[in-house]
Amino acid sequence: NAGVTQTPKFRVLKTGQSMTLLCAQDMNHEYMYWYRQDPGMGLRLIHYSVGEGTTAKGEVPDGYNVSRLKKQNFLLGLESAAPSQTSVYFCASSYPTPKRGSSYEQYFGPGTRLTVT
Amino acid sequence: ELKVEQNPLFLSMQEGKNYTIYCNYSTTSDRLYWYRQDPGKSLESLFVLLSNGAVKQEGRLMASLDTKARLSTLHITAAVHDLSATYFCAGQIQGAQKLVFGQGTRLTINP
């Protein structure tokens with residue numbers, strides 16, 4: 001069981017470039033999430049998905065798009081990168097988690113460190 | 001809208017001491033989660049608190065939930081250096097599939 005994996009681990013972009021971050025999970029989870037983590041800001045939810053083919057906006061969705069074409073994958077796209085998008089991006093998945101009852105305990109990937117210059 | 005606030009945000013303590021991290025939330029939250037993050041690493045789930053009065057313990061860490069006070073606590077007993085990390089609490093609104101995270105508490109334990 002690999003859990004939640006993210007590709008790539010590091011990336012440097014120039015302003016205006018585009019890229020896609022890939023998240024994959026092998027736990028058969030229904031829900032998947034993309035967060036960004038900035039110093040002193042905790043984790044902020046960008047977009048999330050409650051099932052294959054569905055997506056929803058989180059707290060800070062502007063400048064990002066997502067797709068969930070397969071249950072195990074959740075893609076985060078930046079169409080035109082800006083320096084304000086320099087951050088560490090975490091993907092997470094949850095539900096069901098039988099060992100925890102009916103909770104939505106989230107399992108996190110290792111993160112992608114993105115720098116936009 | 002659920003808001004989650006932790007305090008303190010920074011905590012420096014000596015080995016062997018006890019301390020508590022507080023997590024307050026603004027609206028009804030049936031479930032409360034605690035995570036640990038080491039520098040440069042991902043988040044690791046520590047505790048899931050599912051009901052009022054829930055108490056979970058693992059090693060030197062104990063978490064509790066008081067839904068009436070809208071408060072969860074993470075208590076550290078006889079701290080050791082290995083517990084140095086950033087700790088996050090997260091609340092969940094009933095019926096919502098997403099969590100709201102606090103700002104995190106950066107804990108440093110000095111020998």
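Residue numbering restarts at 1 for every chain, and letters A, B, ... go by the order of the sequence lines.
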Engineer: Distance from E105(A) atom CD to W34(B) atom CH2, nearest 0.5 Å?
Structural biologist: 15.0 Å
Engineer: Counting only heavy atoms not in E15(B), do more than 12 sit closer than 6.0 Å to its CD atom?
Structural biologist: yes
Engineer: Determine whether more than 12 heavy atoms belonging to other residues, nucleotides or ligands lie under 6.0 Å from atom CD of E52(A).
Structural biologist: yes
Engineer: With hydrophobic residues grouped by side-chain heavy-atom distances under 4.5 Å, do L11(B) and V80(B) end up in a single group?
Structural biologist: yes
Engineer: Can M62(B) be reached from L32(B) by stepping across I, L, V, M, F, W or Y side chains whose heavy atoms are under 4.5 Å apart?
Structural biologist: no
Engineer: Would you name the heavy atoms of F90(A) and K41(B) that are closest together and state the gap between them?
Structural biologist: CZ-O, 3.7 Å
Engineer: Kindly give the heavy-atom pair with the smallest separation between P110(A) and S42(B), and that separation in Å.
Structural biologist: CA-CB, 3.9 Å
Engineer: Transitively linked via ILVMFWY side-chain contacts under 4.5 Å: L46(B) with I21(B)?
Structural biologist: yes
Engineer: Got a second to check how far F101(B)'s CZ is from R44(A)'s CZ, nearest 0.5 Å?
Structural biologist: 14.0 Å
Engineer: Among L45(A), V50(A), V88(A), L43(A), which residue forms the greatest number of heavy-atom pairs with chain B at distances under 4.5 Å?
Structural biologist: L43(A)
Engineer: Looking only at non-hydrogen atoms, find the nearest pair between K98(B) and Y33(A) and report the distance.
Structural biologist: CA-CE2, 4.0 Å
Engineer: Distance check, rounded to the nearest 0.5 Å: Y35(A) atom OH versus L43(B) atom CG?
Structural biologist: 9.5 Å
Engineer: Using the rule given for side chain to side chain contact (heavy atoms under 4.5 Å, CB included), can you reason through F108(A) versus Q37(B), listing the C-alpha separation, both sets of side-chain angles and the distance that settles it, and then say yes or no?
Structural biologist: CA-CA 11 Å; F108(A) 283 80; Q37(B) 184 180 36; over 6 Å; no
Engineer: If two hydrophobic side chains count as joined below 4.5 Å and joins carry through other members, does M32(A) share a cluster with L21(A)?
Structural biologist: yes
